[in-house]
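By convention in this document, chain letters (A, B, ...) are assigned in the order of the sequence lines, proteins followed by strands, and residues within each chain are numbered from 1.
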Amino acid sequence: MANETHMSVSVWRGDAVGSFQPFEVKVEDNQTVLDVVAWIQQYADPTLSYRYACRVGMCGSCAMMVNGTPRWTCRTHVKKVLVDGHMQIAPLRNLPVIKDLATDMDPFFDKWVAAEGVHHPTLTRNDPIEALDPAAEARVESAAGIECINCSVCYAACDTVANNPDFLGPAALQRAWSVYNDSKNADKQAVLDAVSGVGGCHNCHSQGSCAVHCPNALNPMNAIAGLKRETARNFFKRRS
Amino acid sequence: MRRGYRNHTLWVAYLLHRLSGVALALFLPVHFWVLSYALNQPEHLDGFLRWSEMGIVKFAEFGLVFLLAAHLFGGLRLMALEWLPWTSGQKTAAAGAVAASTLIAGVFLMRAI
Amino acid sequence: MQIERHDTDILILGTGGAGMFAALHAQQSAPPGTKITIAVKGLIGKCGCTRMVQGGYNVALGGGDTVERHFMDTINGGKWLPNQDMAWKLCEQAVVRIRELENEIGCFFDRNPDGSLHQKAFAGQTADRTVHKGDLTGIEIINRLMEQVLSRPVEKLQEHRAIGLIPTTDGSALAGVLMIDMRSGKFRFVRAKTVMMGTGGGPTMYKYHTPSGDKTMDGLAMALRLGLPLRDMEMVQFHPTGLLAGDHTKMTGTVLEEGLRGAGGQLLNGAENRFMFDYDPKGERATRDVVSRGIFAEMRKSNTSEHGGVYISMAHLGPENVRAKFPGMVKRCADSGFDLAAGKVEVVPTAHYFMGGVVVDPDTRTAMEGLYVAGEDAGGAHGSNRLGGNGVANSTVYGGVAGDVMGADIRRMGALRDPDETVLEAEIARALRPLSNKVAPIQPLRDKLQDAMWEDVGVMRTQTGLARGLTRIADIHDALLQAGVAGDNLAFNLTWHDWLNMASLCEVSEVIAKAGLARENSRGAHFREDFPDSGAMESSYFTVARQTGGTLDVSREAVQFTIVKPGETILPENEPLSLVEAAE
Amino acid sequence: MTLGLYMAQRISALIMAPLVLLHIGVMIYAIQGGLSAAEILGRTKGSILWFAVYGTFVAAVSVHGAIGLRTVLSEWMGLRGGTLNAAAWAIFALLLVLGMLAVHGVTAR
Ligand SMILES: Cc1cc2nc3c(=O)[nH]c(=O)nc-3n(C[C@H](O)[C@H](O)[C@H](O)COP(=O)(O)OP(=O)(O)OC[C@H]3O[C@@H](n4cnc5c(N)ncnc54)[C@H](O)[C@@H]3O)c2cc1C
Ligand code: HEM
Ligand code: SF4
Ligand code: F3S
Ligand code: FES
């Protein structure tokens, strides 16, 4: 079993139903969790399914539950997660499992679009590029969440997502907040309406797991608070 | 499956707030019922007054007050977090302050018993 | 084998800059009611290399810079091999495309304090031209494009891998594309009136490489089997500083950004001595190809670091400065256990970009009616070398062009075409081949191919090396054809796809080596130790490879200097050679 | 949870906050000062002010508690749609009726 040179790894096999299968993997110097998963598929069990693309934390397709915590596996060093020579790898939570470690991310992106996380242009390709003050308050607020790689780690960490299938989730709402604050965006009200419905930002209980686990140190909780604030302000404005 | 992702203060604050809210929602109707049972029929009043002196009842009532205090501060914390455009540093500080004040309120109440 | 059949009007392969822009523009330009389908090997927007663009996007936006200057830099950078009409369109349309990205797609690009776009200069550029979003430009571009595509009525076939371009029976036009629905393992044949291929090349047959794991030259292999001409196939760009962290991690080969050297980073050999000045007076600041060769030469002398590369050291610039200036890189290195700010990190040249590709015209049309190619799959715009920042400009510009052209062309096209069923069956049989072989691990073959290409068809080439490389590739290809994959469950069967990846890589590797043999001079990314001279610019030729009836022919074709001749310029007289101040 | 419910829950919470503080204050004062239940009742009975205070509290808590439990029921018990709304209304009614009876007891002469 687990010792200095080898680790024991339990890997989820199956889809919604399944079980953990143990593997022995050699410990190497610079090894990420993704390397472990890939090694198992390449050398121990060729039927293992998982997903990755960029291998450097840019594409957000390799996230999995490692010891019960959602992580980007390509940027997670094995040393960081090994407990007594053991680790457990499961598919990302809160998404349907296609097979083994690969999930269906469609619900995540459907919600992204449903939250109006899409630019609504005011200008066209024929207009010159506007001068925009990079230090303007709204621009800074908008830019705060812009580096999201849509890895769905926050989505997996959020218990509200788990408990409420309608909830749009942290990443989609954070994107909506960026769109809302973008001075080039045409339809602010559309964003507020989109995040005020049954699955909207008001479902968030500020659990904060999204901010704690985002691998890029983004803070969707803050963005959602911003949406709550703006919708609340708007609530009175629209009524008066 | 292990649930390592919940190990942080904000999540614990969320859970406490919810549990206190649910507990309040369960106890408050009882509290209301007892009050109205005792106070709306004069013949019950004496019994109620005697009853309310009992330690266990007092304890329960103070439990209610304690839950109320915890939930109140938790709720105020939440609304401050949602509506005041604070930086995350300030928010952590505020959360800490609220936690402390809840504690103080609790201790104070315990003493009062 | 059962296959599902599916019809659409416009089919797009890949969701990089090329694929996404093709979808958006096709939607704008095609007649109402036109069905548009986008199929991709991974998830929409979450695979491919456009997302991995760090440095930025080249576009001349005034301030002294002009389209003419951008064009001249592109031609000079490509050592006079580019197709000049394509290079011109690239530079000219980049101006429109960047406004589209900013205004219509909603991208955030870094600003100067006065609110204008911030632009910097990559190596080989004579103006501050590169628009960027920090050092994560590609994520911004692709995320915004992805939202637009996801929110539109475009049919999405995710985790659908194209494995064959299927012509009509008379071979006069393309009928459709054969794919594997990777999630179920089923074959799906999609007919379309027009198909745009934007699968992004990807030289991942080298031991060290930067592109994402999904890119394995499928597109070029398909085009080759279809008999289409491919140009500049010897031109593989190496990035000098790929992270070197050992063979057992996928982190190895990933890019440590160019800016590190620009900012004063030093390259040290195994004895911890600086060596780049032995090779070039600009030292570490020389161009990518020169630095790559310098490192490679040092490695050949066995002056290497622990894992067999060299070191990049930033510490002398002050760890705090490094941390502040390159936060992303420092964090990335730290994640795999290296201290970039205060220590030294092992690096190695790494295969980065593929200049070669399908021969197309400036409207992205190919020799086959109904097939359009854009982005890294298309050859011509860059010639022998691609400027940093011209890659994403190329894919977004030409993806959009393809969308527009398809939207127009489809108006004159009649009904969907029927495929040549024998070709279809042959392609299916080809893909099913490993399932009836004796099961054998595939990864060791990939390792072997990567070693062979790195050693014999890599940074520096010779005739003997290339010939040896060809034999090695052939042996590996043979072994692959005998290797088997368990086929009991084809759903999300990655090992089957590893096999298919290897098949594409082997096919294209052979072309690279053969084209390398055919070019008996050294230009841009292609360096022949036995022919170190660049050859006369006026008689420049490019290589064209074509497979007919199972044999691969490589010929040479003269470059047409349609806009500017070697030794001349289109810049006005008295224009300074460069607007960029010499590196600090 | 929609914006409307959210606002109702937050506004009711804001209304309750000072009332609850007042109530807790009174209770602590009563205990410290050794007021008996009878003495307290002596002051509240017949007071319009106390009726208003506790009446408002009960109204607010009925709204607030109903929405709160509605959330919990949906998230933890999986209730949805009509059932969920019916449950919330029932809780609202229960709290309101019992609460108002209690207020009546405390403040009616
Ligand atoms: C690390 C890195 C950094 C870079 N930095 C820069 C930079 O700073 N500036 C710059 O200009 N250029 C840069 N480049 C180059 C640039 O990324 C590419 O030139 C350009 O983005 C290619 O775009 P594309 O659309 O042709 O292909 P890609 O963006 O690679 O997209 C290809 C798509 O095709 C899909 N695909 C592949 N095979 C199949 C198949 N068989 N069936 C279906 N779909 C398939 C892929 O999954 C992917 O979606 C960089 C490249 C890398 C790797
Ligand atoms: C005294 C002042 C009070 C304040 C400031 C307050 C505040 C809040 C807030 C802000 C929430 C929303 C929590 C979230 O969305 O995560 C909440 C939820 C809740 N409250 Fe209160 N509340 C108060 C009193 C009460 C009382 C008296 C009850 C008893 C009925 C109660 C029961 C609940 C319940 C059951 C919830 C739902 C818990 C959850 O969603 O997690 N609250 N409260
Ligand atoms: S907010 Fe962070 S965790 Fe969530 S999807 Fe974006 S990058 Fe991932
Ligand atoms: S974890 Fe979930 S509850 Fe809100 S603060 Fe983040 S979205
Ligand atoms: S593989 Fe792209 S983020 Fe991990």
Side-chain angles (χ1 to χ4, degrees), chain A residues 28-32 34-35 38-39 41-43 46-61 74-77 79 98-100 102 105 109 112-113 117-119 121-135 142-143 146-150 179 182 184-185, chain C residues 42-44 46-48 51-52 61 96-100 102-106 108 110-117 133-134 136 138-140 143-144 147-148 150-151 158 183 212-214 245-246 248-251 254-255 332 335-337 439 441-443 485-486 489 491-495 498:
Chain A
E28 306 277 4
D29 261 356
N30 309 307
Q31 200 177 15
T32 63
L34 179 63
D35 292 328
W39 185 90
Q41 178 253 329
Q42 285 162 357
Y43 294 102
T47 65
L48 179 65
S49 306
Y50 57 100
R51 184 187 291 121
Y52 82 98
C54 74
R55 71 212 154 95
V56 280
M58 297 182 103
C59 72
S61 39
C74 69
R75 290 275 298 268
T76 301
H77 202 289
K79 279 193 199 117
I98 298 176
K99 182 168 173 280
D100 301 340
M105 295 186 77
F109 287 105
W112 187 289
V113 173
V118 180
H119 182 65
T122 48
L123 301 169
T124 74
R125 66 195 77 163
N126 302 318
D127 298 307
I129 286 176
E130 254 187 325
L132 292 176
D133 178 3
S142 187
I146 205 95
E147 282 175 9
C148 171
I149 58 169
N150 28 71
V179 170
D182 183 352
K184 288 180 300 179
N185 185 64
Chain C
L43 300 181
I44 289 179
K46 292 176 80 67
C47 49
R51 197 176 176 99
M52 298 173 75
L61 290 175
V96 182
R97 203 64 86 237
I98 205 78
R99 290 199 302 250
E100 189 176 353
E102 162 91 16
N103 292 346
E104 294 181 26
I105 311 295
F108 271 45
D110 284 3
R111 293 305 220 259
N112 294 310
D114 72 358
S116 58
L117 285 181
K133 165 78 190 73
L136 299 172
I139 297 178
E140 177 62 10
N143 274 351
R144 302 294 79 87
E147 295 161 3
Q148 295 293 330
L150 287 178
S151 64
Q158 300 196 85
R183 295 182 183 177
S212 59
D214 48 299
H248 41 260
T249 177
K250 290 186 187 294
M251 274 281 189
T254 57
V255 175
R332 191 191 284 181
D335 283 349
S336 41
V439 174
I442 306 301
Q443 187 61 27
V485 172
N489 182 3
F492 229 113
N493 187 328
L494 293 186
T495 309
D498 285 348

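Listed options A/K99, A/H77, A/R125, A/Q31 were ranked by heavy-atom pairs under 4.5 angstrom with chain C; first place goes to A/R125. When each of A/V179, A/I149, A/N30 is scored by its heavy-atom pairs under 4.5 Å with chain C, the top score falls to A/N30. Of the residues considered (A/D29, A/D127, A/D133), A/D127 shows the highest number of contacts with chain C, using heavy-atom pairs under 4.5 Å. Top candidate by heavy-atom pairs under 4.5 Å with chain A, chosen from C/L136, C/T249, C/D214, is C/T249. For the options C/I105, C/L61, C/I44, heavy-atom pairs under 4.5 Å to chain A are most numerous at C/I105. Of the residues considered (A/S49, A/C148, A/G57), A/S49 shows the highest number of contacts with chain C, using heavy-atom pairs under 4.5 Å. Comparing C/E104, C/E100, C/E102, C/K133 by how many heavy-atom pairs each has under 4.5 Å with chain A, the most go to C/E104. Interface summary for chain C: among A/P121, A/A53, A/G60, the most heavy-atom pairs under 4.5 angstrom belong to A/A53.
No side-chain donor-acceptor contact under 3.5 Å links A/N150 to the backbone of C/N143.
Counting heavy atoms from C-beta outward, A/F109 and C/K46 have side chains that approach closer than 4.5 Å.
With sequence neighbours left out, the side chain to side chain donor-acceptor pair (under 3.5 Å) criterion links A/S142 to no other residue. In this structure, the side chain to side chain donor-acceptor pair (under 3.5 Å) partners of C/H248, at least two apart in sequence or on a different chain, are A/E28.
Taking CG of C/D498 as the start and CD of A/Q41 as the end, the distance is 5.0 Å to the nearest 0.5 Å. Between atom CG of residue A/L132 and atom CG of residue C/N112 there is a gap of 12.0 Å, rounded to the nearest 0.5 Å. To the nearest 0.5 angstrom, C/K250 atom NZ is 6.0 Å from A/L34 atom CG.
Of all heavy-atom pairs spanning A/V56 and C/M52, the tightest one is CG2-CE, 3.9 Å. Between C/R51 and A/C59 the shortest heavy-atom distance is NE-CA, 3.1 Å. In this structure, C/S151 and A/V113 approach most closely via the heavy-atom pair CB-CG1, 3.7 Å. Scanning both residues, C/N103 and A/H119, for their nearest heavy atoms gives O-NE2, 3.2 Å. C/R183 and A/R51 get closest at one heavy-atom pair: NH2-NH2, 4.0 Å. Contact detail for A/R75 and C/D335: the closest heavy-atom pair is NE-OD2, 2.8 Å.
Looking at C/L117, the atoms closer than 4.5 Å to chain A (heavy atoms on both sides) all sit in the side chain, from C-beta outward. Both the backbone and the side chain of A/Y50 come within less than 4.5 Å of a heavy atom of chain C. Using a 4.5 Å cut-off between heavy atoms, A/A102 touches chain C through its side chain atoms alone. Proximity to chain C is limited to the side chain of A/I98, based on heavy atoms less than 4.5 angstrom apart. In this structure, no portion of C/A486 lies under 4.5 Å from any heavy atom of chain A. Looking at C/R144, only its side chain comes within 4.5 Å of chain A, counting heavy atoms on both sides. Heavy atoms closer than 4.5 Å to chain A are found in the side chain of C/L43, but not in its backbone.
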